[in-house]
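In what follows, a single structure is set out as structure tokens and then discussed.
Quantities reported herein were computed from a predicted structural model and do not represent experimental measurements.
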Amino acid sequence: MPDVSSLRAALLDWYDAHARSLPWRAPPGSGMRTDPYRVWLSEVMLQQTTVPHAAPYFERFTARWPTVSNLAAVEDSDLMAAWAGLGYYARARNLLACARAVASEHGGVFPDNEAALLALPGVGAYTAAAVAAIAFDRPANVVDGNVERVMSRLFAVETPLPAARPELKRLAALFVSDERPGDWPQALMDLGSGVCRPKSPSCELCPLAFGCEGLKTGEPARYPLKTKKAERPHRHGHAFVLRDAAGRIGLVRRPDKGLLGGMLGLPTSDWSATPVFHAPVVADWSEAGAVEHVFTHFSLTLTVHVGAGEGDFVWTSADEALASLPTVFRKALERGLAG
DNA sequence: GAGACGTGGTT
DNA sequence: TAACCAAGTCT
């Protein structure tokens with residue numbers, strides 16, 4: 001068993017020299033702490049999302065809505081449009097619900113403890129711990145994919161994910177301490193992101209190499225072990241680019257639950273092996289090609305049809321539609337507009 | 001516990 | 001190129 005306190009000291013030293021500079025991060029070692037609102041917003045945006053993808057959204061959101069109270073006052077449709085392209089749209093719906101809960105139930109001030117944070121919409125075990133630690137400097141066991149990977153290597157855990165999750169969390173808990181509780185998870189995540197990477201880890205640069213059981217095995221990259229995932233099915237569908245006399249696009253608001261919930265979309269058929277061609281209005285539809293898109297649990301070929309007509313739709317200029325649609329529909333609309 | 005839930009970059 | 005992967009949460 002590696003010596004926990006020397007590993008901890010070694011990683012914090014490394015962090016002092018190598019911490020990343022990020023838009024939501026106070027200068028490391030400055031003793032400054034980031035506004036809880038910004039910590040929370042960044043943590044939600046970073047769920048299953050890379051730093052380069054989330055960063056511009058974070059900059060736009062904080063410029064437009066500097067406080068959680070500002071965010072709480074936003075119209076649902078504006079928030080969803082601002083989130084377009086970032087994915088996992090339930091996050092956006094929960095983000096707004098959480099901002100409104102903080103505004104109405106907590107006087108516009110984020111709660112400073114893990115339990116109260118956990119009760120907020122869209123805040124799970126990871127985010128509650130991260131905000132408690134990073135924004136409030138509370139000792140909290142912050143366990144994300146990076147931490148799981150680092151722990152699985154450090155201790156050469158042979159149990160595959162996801163079954164190994166409780167064990168990895170227990171191991172991570174060994175490092176939680178009153179000393180620099182806010183820096184610790186960030187150091188761990190920076191290490192996981194830049195050194196202890198999923199593939200080809202840079203063990204020669206790693207401050208924890210001296211105590212790493214995984215490295216001793218000679219195959220650190222083998223960790224964490226994972227059980228095979230089911231194959232991703234392929235579906236087909238039809239999407240309809242409907243234009244009125246003014247050239248606007250007819251969109252529909254999707255139901256809150258389910259795929260792309262709460263977002264605007266193009267009218268479509270069902271998505272299945274053999275979709276039924278069911279146009280939103282009777283029109284002279286012409287085919288404009290197809291687009292491919294990959295979701296987490298299925299891939300999709302969408303055949304795009306263009307036509308003119310009127311009806312009960314959310315009529316939107318092409319530019320606004322392109323900016324507010326989720327990516328799958330943005331791609332379909334671009335295809336339709338290109339002819 | 002397992003599946004739903006997006007997107008874009010990397011290998 | 002297909003597969004894998006990213007600071008997860010909810011049901």
Heavy-atom pair with the smallest gap, counting every atom of A:Asp190 and A:Ala19: OD2-CA, 3.6 Å
message: Atom CD of residue position A:Glu204 - does it have more than 12 heavy atoms of other residues, nucleotides or ligands inside 6.0 Å?
response: yes
- prompt: Rounded to whole angstrom units, what separation is found between the CZ atom of A:Arg165 and the C1' atom of C:dT9?
  reply: 12 Å
- request: Would you kindly compare A:Ala163 and A:Arg232 by the position of their nearest DNA chain B nucleotide and give the one closer to the 5′ end?
  value: A:Ala163
- request: Remember a base hit wins even if backbone is also touched, and classify A:Arg93 as base, sugar-phosphate or nothing at under 4.0 Å, heavy atoms.
  value: nothing
- request: Report yes if at least one side-chain N or O of A:Arg91 is closer than 4.0 Å to OP1 or OP2 of B:dG6; otherwise report no.
  value: no
- request: Select base, sugar-phosphate, or nothing to describe what A:Leu95 touches, counting heavy atoms under 4.0 Å on all strands.
  value: nothing
message: Could you tell me how far C:dC5 sits from B:dC5 if I compare only their C1' atoms? Round to whole Å.
response: 16 Å
- prompt: A:Asp256 has an atom CG; how far is it from atom P of C:dC10, in whole Å?
  reply: 15 Å
- prompt: Pick one: which of A:Trp24, A:Trp65, A:Trp40 meets ring-ring contact (aromatic ring centres under 6.0 Å, His included) with A:Phe58?
  reply: A:Trp24
field: Value in whole Å for how far the P atom of B:dG6 lies from CZ of A:Arg254
entry: 9 Å
field: A:Ala82 to A:Arg64 - nearest heavy-atom pair and separation
entry: CB-NH1, 4.1 Å
query: With a 4.5 Å limit on heavy-atom distance, are the side chains of A:Leu79 and A:Phe61 in contact?
result: yes
field: Heavy atoms from other residues, nucleotides or ligands near CD of A:Glu219 exceed 12 (cutoff 6.0 Å)
entry: no
field: A:Phe295 and A:Phe298 aromatic ring geometry - parallel, tilted or perpendicular at 30°/60° bounds
entry: tilted
task: Sticking with atom P, work out how far C:dC4 lies from B:dG3, rounded to a whole angstrom.
output: 16 Å
- prompt: What's the closest nucleotide to the A:Lys226 side chain, out of B:dG6, C:dT9, C:dC5?
  reply: C:dC5
- request: With P as the reference atom in both, quote the distance from C:dT11 to B:dG6 in angstrom, rounded to an integer.
  value: 14 Å
field: Donor-acceptor pair present, A:Thr49 side chain and B:dG6 base, under 3.5 Å
entry: yes
query: What does A:Leu86 touch in the nucleic acid at a heavy-atom separation under 4.0 angstrom: a base, only the sugar-phosphate, or nothing?
result: base
Sugar-phosphate, base or nothing in reach of A:Gly261, heavy atoms under 4.0 Å: nothing
Output a table of nitrogen or oxygen pairs between the protein and nucleotides 8-11 of chain B separated by less than 3.5 Å.
none

- prompt: How far apart are the closest heavy atoms of A:Arg335 and A:Val304, and which atoms are they?
  reply: CG-CG2, 3.8 Å
Whether over 12 other heavy atoms sit under 6.0 Å from A:Lys331 NZ: yes
task: Return the 5'-most residue of the pair A:Asn94, A:Ser42 with respect to DNA chain C, ranking by each residue's nearest nucleotide.
output: A:Ser42
- prompt: Are any of A:Lys229's side-chain N or O atoms less than 4.0 Å away from OP1 or OP2 of B:dG3?
  reply: no
task: Nearest whole angstrom, please: distance from the P of C:dA6 to the CZ of A:Phe295.
output: 21 Å
field: Distance, rounded to the nearest Å, where A:Glu43 contributes CD and C:dA6 contributes P
entry: 16 Å
- request: Taking only heavy atoms on the protein side, list every residue of residues 108-126 of chain A lying under 4.0 Å from any atom of DNA chain B, sorted numerically.
  value: none
- request: For A:Tyr223 and C:dC5, give me the distance from atom OH to atom C1', rounded to whole Å.
  value: 21 Å
statement: Per nearest nucleotide of DNA chain C, the residue lying toward the 5' end, A:Gln48 or A:Glu231, is A:Glu231
- request: Please work out if A:Trp83 contacts a base, only the sugar-phosphate, or nothing of the nucleic acid, heavy-atom cut-off 4.0 Å.
  value: nothing
- prompt: Whole Å only: how far is the CG atom of A:Leu161 from the P atom of C:dC4?
  reply: 14 Å
- request: Could you work out the separation of B:dG1 and C:dT9 based on their C1' atoms and round it to a whole Å?
  value: 15 Å
query: For A:Tyr88 and C:dA6, is the shortest distance between a side-chain N/O and OP1 or OP2 below 4.0 Å?
result: no
task: Check the distance between C:dT11's P and A:Leu259's CG and give it to me in whole angstrom.
output: 16 Å
- line: When A:Pro166 and A:Val328 are each assigned the nearest nucleotide of DNA chain B, the 5'-most assignment goes to A:Pro166
message: Within the supplied structure, the quantity of interest is the number of heavy atoms (other residues, nucleotides, ligands) at a distance under 6.0 Å from A:Glu59 CD; does it exceed 12?
response: yes
field: Nearest heavy-atom neighbours spanning A:Gly237 and A:Leu300
entry: N-CD1, 4.2 Å
